[in-house]
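Remember, it's a predicted structure, so these values are computed and weren't measured experimentally. Naming convention: chains lettered A, B, ... in sequence-line order (proteins, then strands); numbering from 1 in each chain.
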Amino acid sequence: GNSVTQMEGPVTLSEEAFLTINCTYTATGYPSLFWYVQYPGEGLQLLLKATKADDKGSNKGFEATYRKETTSFHLEKGSVQVSDSAVYFCALSSNDYKLSFGAGTTVTVRA
Amino acid sequence: GAVVSQHPSWVICKSGTSVKIECRSLDFQATTMFWYRQFPKQSLMLMATSNEGSKATYEQGVEKDKFLINHASLTLSTLTVTSAHPEDSSFYICSARDTGLPEQYFGPGTRLTVT
């Protein structure tokens, strides 16, 4: 079956630091890959997506590249802000459109 | 665009009563809607998938008679928790998918507390 493994948290950073959250997956076929973000007390928001190998998703300074050869979709941001403090979920969907989520990584950015 | 709402955002009910949660796609037609539970500091657990006009498909271990799902239109799905017990207390989140797109858009969630 499908599964997603992402870096355990929590992660604490200083403002303007570089952020990487690792995500690897196991799936049959050709899944679509996503990063969702959940701010405190809110629902999940789609941060970025990639639907085929070598695609790069980007949004709000975050980037992730769909790497089929390493089955990875690592999230990166070059300079984080306090407002980036949230829980980040890596996810994939296959033909049935069901999402399989990673465990989530809590990121705290300190001023 | 791609806004999903849920109502109520927070509800308290007594054991044995039923609670209905609504999920609406506000600016698109949702071919498919999904219902999740999220426990504190944990990831989302898919409960069921519903397609407009057909019966919901439940994940293994989810009681379909306890969690009634209706997807009567392309913009509305409801989850009814029947005969609620304290262990049903949780954060319930819905999502919706537009035709032809793989991503899901999530509602803000409903906090259910059963006393």
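- B:Gln38 touches chain A through its side chain: at least one heavy atom from C-beta onward sits under 4.5 Å away, while N, CA, C and O do not.
- Atom NZ of B:Lys66 has more than 12 heavy atoms from other residues, nucleotides or ligands within 6.0 Å.
- For A:Ser94, the side chain to side chain donor-acceptor pair (under 3.5 Å) criterion is met by A:Asn2, not counting sequence neighbours.
- For the atom pair CG of A:Leu44 and OH of B:Tyr105, the computed distance is 13.0 Å after rounding to the nearest 0.5 Å.
- Within the model, atoms CG of B:Asn51 and OH of A:Tyr97 stand 11.0 Å from one another, a figure rounded to the nearest 0.5 Å.
- The part of B:Gln42 that comes within reach of chain A is its backbone (N, CA, C, O), which places non-hydrogen atoms under 4.5 angstrom from that chain.
- Taking CZ from B:Arg97 and CG from A:Leu99, the interatomic distance works out to 10.5 Å, rounded to the nearest 0.5 Å.
- Panel note: side chain B:Ser43, backbone A:Gly104; no donor-acceptor pair is recorded below 3.5 Å.
- Atom CD of B:Gln104 and atom OH of A:Tyr36 lie 5.5 Å apart (nearest 0.5 Å).
- Closest non-hydrogen pair, B:Pro102 versus A:Ser93, comes out as O-OG, 3.9 Å.
- In this structure, A:Asn59 places its CG atom where more than 12 heavy-atom neighbours from other residues, nucleotides or ligands lie under 6.0 Å away.
- Linking ILVMFWY side-chain heavy atoms closer than 4.5 Å, directly or via other members, places A:Val11 and A:Ile21 in a single hydrophobic cluster.
- A continuous path of Ile, Leu, Val, Met, Phe, Trp and Tyr side chains, each step under 4.5 Å between heavy atoms, connects A:Val109 with A:Tyr39, placing both in one hydrophobic cluster.
- Within the model, atoms CD of A:Gln45 and CZ of B:Phe106 stand 11.5 Å from one another, a figure rounded to the nearest 0.5 Å.
- Residues A:Leu75 and A:Met7 are members of one and the same hydrophobic cluster, defined by side-chain heavy-atom contacts under 4.5 angstrom among Ile, Leu, Val, Met, Phe, Trp and Tyr.
- A:Glu69 CD: more than 12 foreign heavy atoms inside a 6.0 Å radius.
- Heavy-atom pairs under 4.5 Å with chain A were tallied for B:Ile93, B:Thr49, B:Leu46, B:Leu44; the largest tally goes to B:Leu44.
- Interatomic distance, B:Tyr36 OH to A:Phe101 CZ, rounded to the nearest 0.5 Å: 4.5 Å.
- Counting heavy atoms of neighbouring residues, nucleotides and ligands inside a 6.0 Å radius, atom CD of A:Gln81 exceeds 12 of them.
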